[in-house]
Structures are given as C-alpha cells and as structure tokens.
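These notes concern the structure reproduced below.
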Amino acid sequence: MEWVRKIETYFVTPKVSTHKALDLLVATISETNKVVEITQSTFKNRALAHLTLAEEQYDLALKHFQQGEYTACQRQIELSSTHLQMAQLLLDGQSEVEIDSIAAVFDFPKDSTEYLLNHLLESIARTKLIVESGNLHVSQKAQDILFETVKVAKQSLSALKNDEIEDARHFCVAALLLLTRVCALLSIDNRQSPWQVDFPEAAVDEPVARVRHLLREMTTCLNLIADAGIVNSAKIERHFKEAEEHLGESITAIMEAEFYLVENAVIAALSELDLVRQLAAHSASATEPDDRNVLFSAERSFKALEAESSKIVRIAQKVAVRDFRIFQRRIDSALVYFGRAAFQFKGDNLPEALRLATAAYLDLDFAWQIALTTAKPEYRDADF
Amino acid sequence: MKLPVKLGAMTKSIPNRKEILSRLAQLEILLCRLQDELLVCEHKNTVVQDCIDRADKTLKSAVQKLGRGDFESATHLANVIFLRLNFGKQLMVAEILESEIGESEFLQLTELDATHESILAASFARSDRIIREFIEQCKSK
C-alpha cells in the first residue's frame, strides 16, 4: 500500500537508508565487475579504471559508515556510483560517437568565450591543413608567430578551465590576431592567399578593429615593397620592424586587457608604415623596375640560401649526421656554386647562371641524402 | 527547475545529471579513439598528445565535480574537454593528410613539436625552393 511505504520512508533513519544504499552499491560494483571481466569492449581499460575508482570510493564510504558519519558516507556513495555509471556507459559501447555528432551537443552561443575559442582552435588546425595540403612555404617568421599563437591559445584554454572567462577571451582574441598575421605572411611568402582568418562578430570591438586595420595595412605595405623588389633597403626594413614592434605592443595590450594602450601603438605603427611607403615610392622612382627586380632576386636568393646553409650545418652537427665532413663539403660547395650563379645572373649570363645553380642543387641534394636517408648518396638528375 | 550557468558572456541552463554523465562518457570515448589514432600515426604530434593528456586530466576533475553534485562546474569542464579534443581531432586530420601526401613542408605548432630532424628537413625544403625559384627566373628571363 502506498501510504504504508510513505510511513516507512518517514521513519527510515539515516543509518538504515545509508546502509541500503551501500548494499545496493556493492551489488552494482560486483555486477559491473562481472561485465568488465567478460567484455570485449574497446573501452574495457577505461571502464576498469572507473571501476577501481568506484571501489576506492566505496571503501571510504564504508569507513564513514562505520564511524557513524552518514552524510559523508552518502557523498562517497554518490561519487562511487558516478564512476560506476561512467564505467557502464563506456561498456555499453557508443563506438559510433563522432566528433561531428557530439559537436551538436556543444553548440556554444555565438558570443560566448567557448565559441570564440573553438573558432580559434579550428582556425589554427585549418591553417595547418592548408599548409600541409598545399605544401606551402613557411618562413621562419611565420613559424615563430605561429608558435606564439598556439602558446597564447593554450593560455586561453587554461584560463577558461580555471573559470577566468575574461582572461580567456582576451587571450583568445590576441591569438586570433596573431593567426591573422601568420596567414598574411603565408600569403606573401607563397604569392597566393591561402585563406583569411574569420573574426566572429563578438570578437570585434574597437581596439580589435584598430589592430585588424593595422594588420591589413601591413599586408598591403609588404605586398607593395615586395612587388617593387626593394626589400633589401636597410631604411625600409628598419621602419617596418618598428611597425611590427608596435603591432606586437598592441596585441600584448589586448592580451593584458590594457586597451587604452592599443590606440597609441596602432597610430605609431601606421606612422612607421607611412614612412615605409614614402621610402618605397622614392626607391621605385630612382631605378627602373626591371633592374631592381633582377638585383633583388639574385642577392636575396643568395642571402637566403646562405642563412639556410649555416642553419643546416649547425643542426647536422648537433644530430651527428653520418659522414659529416663530406656532408659539410657538399653544403659549402652548393653555396659557392650558388654565389657564382647569382653573380652570372646579375651579369645577364643566364646559361652559366643556370648551369651553376643546377650544380648547387645537385650538391644540396647529395647532402640531403646523407642527412635524411640511410641509402648510399649519389648525384641524381635534377627534376627541372 | 534548471539553474543558469555562466558560459562566457552568456547564460545557459545547466543540463541534468544524466545528460552531463552522457556527455562525459561520449567525450571519454572520443578521447580513447583520438589516442588510438595518434598511436598509429607516423608523426607523433606533441600538441595532439598534449590535448589528449589535458583532456584526460580535466575529465577526471569533471567526473569528481559531477559526483559531488556540482553540475555547473562539471558542465563547464565538459566544455573545456570538448574544445581540447576537437582541436586534437582537427590537427589529426592534418597529420593524416601530411602522412599520406608525404611532402617536405611540415607546419610545426610548438617548439617542442620541432625535432632536430624536422628542422633540418624544413631547412632543406626552403633551400630547395630558393634554388628552384632562381632557376625558374633564369629560364623565364
């Protein structure tokens, strides 16, 4: 009868109800143990880990019960049963669970920090995917800024976990700005636009809009000087670096929620960019475009190869590349050939420049085989 | 009655115990599968491993919070786990593609991710590109 059960419940003491719960818990543990023993589930180990934790909590619950601490005992029972339920859900095997299906459950509101952070992380992964699939060239500068982007994104995640929502948001927006810079550099380095980082509306307030404007101006300016072929101007480089430093200050200000510093940093950076533009225009009118491009290509290429060669030798020494002396001779030889090629290029002796550059390529390929393969190195035909 | 939960700038109702438990179990299954995928992947991306490790740690905290009846914290931590696993999963897609294509350019996401060998390979790839570009200019001029 219903009323009898109600009266019984009314008179049940905490000791009796806790005892009943303990009995039920131990029976469920035993039952789950049996299932774990015979299961073929992929998640058997994880279920077992939860079962072990459930047993530990049960032991603690029992101790509390023996000492008459029924409330504490019930808390342990609750915790133990949570682990048991997790074990059971894992054993039920929802192997069809996919990230896409669960993403629907975690449908964050568009102006939440979680949404922004998810957008940032997916954008980083997308950048990686585009670089890998397009085999895009990644300059050291783009690489370094990407390291910083991922570092800041991780700080954002940690802040979110610690319930520091505002900090998480600032870190996240700063990382999105850094990633925008990475993508701009990738597009300049590869002479194509891999993709634009999308900024959710919720992330764009006045300071962020200012920095985004600066980023666009920097990209335009870089394209301008790259097209004009005058990157090796010390003055232009110095002013551009100053602009980059101010950009860094503005992003740091956003990260540290010191928004009042953003405006001045952006204004200072834009002034530097104006100077860069003026210097570029002056250089452009001083020389014929074709000549500038010729000089730029040969010299810049040689300097770039020189920098890479010294890096290659330094790391090869660290990792104790086999036949190191032969390896080093091939790298040195490649650089000498390439230097001569650049010289012939400037003198318009193109067949000789081509021959020397090919020789440099063959030596580099030989060194590559020593360093990164186990096969006996050989001079191979160039595939161009 | 559902209570409000702070979710960034938004408020959203807290799911009930059963819903949270189901989310955590699904996340744990995803975590296992991601770990399995990483084990068979040629390049062991340290960022993906870090995502898995941290998600695992957060999962333990979330189960504890749920067991102690703190539904709000458990829900919040489940969100963080999802963000980490989703990031790890998206990176794995790029890793698998990279293994399939086997091209020389490889985008490192952290300095830890960059082994001496990968730095060497990237530097050779850049040198290769410099010479090829130069040769193209010789041919096109």
Side-chain angles (χ1 to χ4, degrees), chain A residues 43 46 75 78-79 82-83 85-86 89-90 94 97 99 102 105-106 109 111-114 117-118 121-122 125 128-129 131-133 135-138 143 146-147 150 157 160-161 163 165 297 301 304-305 308 311-312 315-316 318-319 338 341 345 350 353-354 357 360-361 364 368 371-372 384, chain B residues 6-10 12 21-26 28-30 32 47 58 63-64 66-69 76-77 79-80 82-87 89-91 93-94 97-98 101 103 105 107-111 116-117 119-121 123-124 126-135 137-139 141:
Chain A
F43 314 111
R46 304 286 304 195
R75 276 204 295 268
E78 187 70 20
L79 195 50
T82 304
H83 280 295
Q85 283 170 306
M86 282 294 286
L89 283 169
L90 290 172
Q94 302 168 49
V97 172
I99 198 84
I102 202 167
V105 178
F106 292 92
D111 56 355
S112 67
T113 304
E114 285 84 345
L117 195 42
N118 196 35
L121 297 171
E122 287 188 344
K128 183 169 169 61
L129 186 71
V131 168
E132 311 286 17
S133 61
N135 198 30
L136 300 184
H137 167 60
V138 186
Q143 181 72 83
L146 185 64
F147 285 162
V150 175
L157 264 169
L160 183 72
K161 183 179 170 252
D163 219 10
I165 307 289
S297 298
S301 300
L305 191 71
E308 291 298 342
K311 191 173 176 182
I312 285 172
I315 296 164
K318 270 190 191 166
V319 295
F338 197 68
F345 188 89
L350 296 176
L354 188 62
Y361 177 85
L364 189 78
W368 179 85
L372 295 166
F384 43 76
Chain B
K6 192 169 71 175
L7 191 75
M10 293 292 291
K12 205 180 180 185
L21 203 60
S22 162
R23 284 183 191 188
L24 292 176
Q26 287 185 69
E28 187 156 1
I29 287 168
L30 280 179
C32 293
V47 182
T58 311
V63 175
Q64 288 276 325
L66 183 63
R68 296 193 191 287
H76 177 68
L77 291 177
N79 291 343
V80 176
F82 169 77
L83 292 175
R84 290 196 195 282
L85 291 181
N86 189 32
F87 184 41
K89 178 69 192 170
Q90 309 293 332
L91 290 179
V93 174
L97 184 88
E98 165 65 14
I101 296 175
E103 293 284 2
E105 288 293 352
L107 188 62
Q108 293 142 2
L109 295 177
T110 66
E111 280 160 295
H116 282 311
E117 263 203 358
I119 297 170
L120 199 58
S123 206
F124 266 112
R126 281 194 287 269
S127 304
D128 180 278
R129 191 178 291 267
I130 291 165
I131 299 179
R132 280 176 189 274
E133 271 175 11
F134 183 89
I135 285 171
Q137 284 208 25
C138 286
K139 285 180 176 172
K141 202 179 168 196

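A quick note: this is a predicted structure, and the numbers were derived from the prediction, not measured. Within every chain, numbering begins at 1; the chains are lettered A, B, ... in the order of the sequence lines, protein sequences first and strands thereafter.
- Taking the side chain as every heavy atom from C-beta outward, A/Phe106 and B/Leu83 never approach each other to under 4.5 Å.
- Interface summary for chain B: among A/Ile315, A/Val319, A/Ile312, A/Leu146, the most heavy-atom pairs under 4.5 angstrom belong to A/Ile312.
- Residue A/Lys318 touches chain B through its side chain alone, counting heavy-atom pairs closer than 4.5 Å.
- If you measure heavy-atom distances from A/Phe338 to chain B, the contacts under 4.5 Å come from the side chain alone.
- Here the closest non-hydrogen pair linking A/Thr82 and B/Gly67 is OG1-CA, 3.2 Å.
- Most heavy-atom pairs under 4.5 Å with chain A: of the set B/Glu28, B/Gln64, B/Lys139, this distinction falls to B/Glu28.
- When all heavy atoms are compared, the tightest approach of A/Ala357 to B/Ile135 is CB-CG1, 3.7 Å.
- B/Ile130 contributes atom CD1, which lies 5.0 Å from atom CD of A/Glu308 (distance to the nearest 0.5 angstrom).
- Considering every non-hydrogen atom in both B/Ile29 and A/Phe43, the closest pair reads CG2-CZ, 3.5 Å.
- Ranked by heavy-atom pairs under 4.5 Å with chain B, the list A/Ala360, A/Ala353, A/Ala125 is led by A/Ala125.
- Contact tally against chain A (heavy-atom pairs below 4.5 Å) for B/Ala94, B/Ser123, B/Cys138: the top residue is B/Ser123.
- Shortest non-hydrogen contact noted between B/Arg129 and A/Leu136 is NH2-C, 4.1 Å.
- B/His76 places a side-chain N or O within 3.5 Å of a backbone atom of A/Leu160 that can act as its donor or acceptor partner.
- To the nearest 0.5 Å, atoms CG (A/Leu121) and CD (B/Gln90) are separated by 9.5 Å.
- Interface remark: A/Leu305 contributes backbone and side-chain atoms alike to the contact with chain B (heavy atom separation under 4.5 Å).
- In this structure, A/Arg46 and B/Cys32 approach most closely via the heavy-atom pair CG-SG, 3.3 Å.
- Looking at every heavy atom in both residues, B/Arg126 comes nearest to A/Val138 through NH1-O, 3.2 Å.
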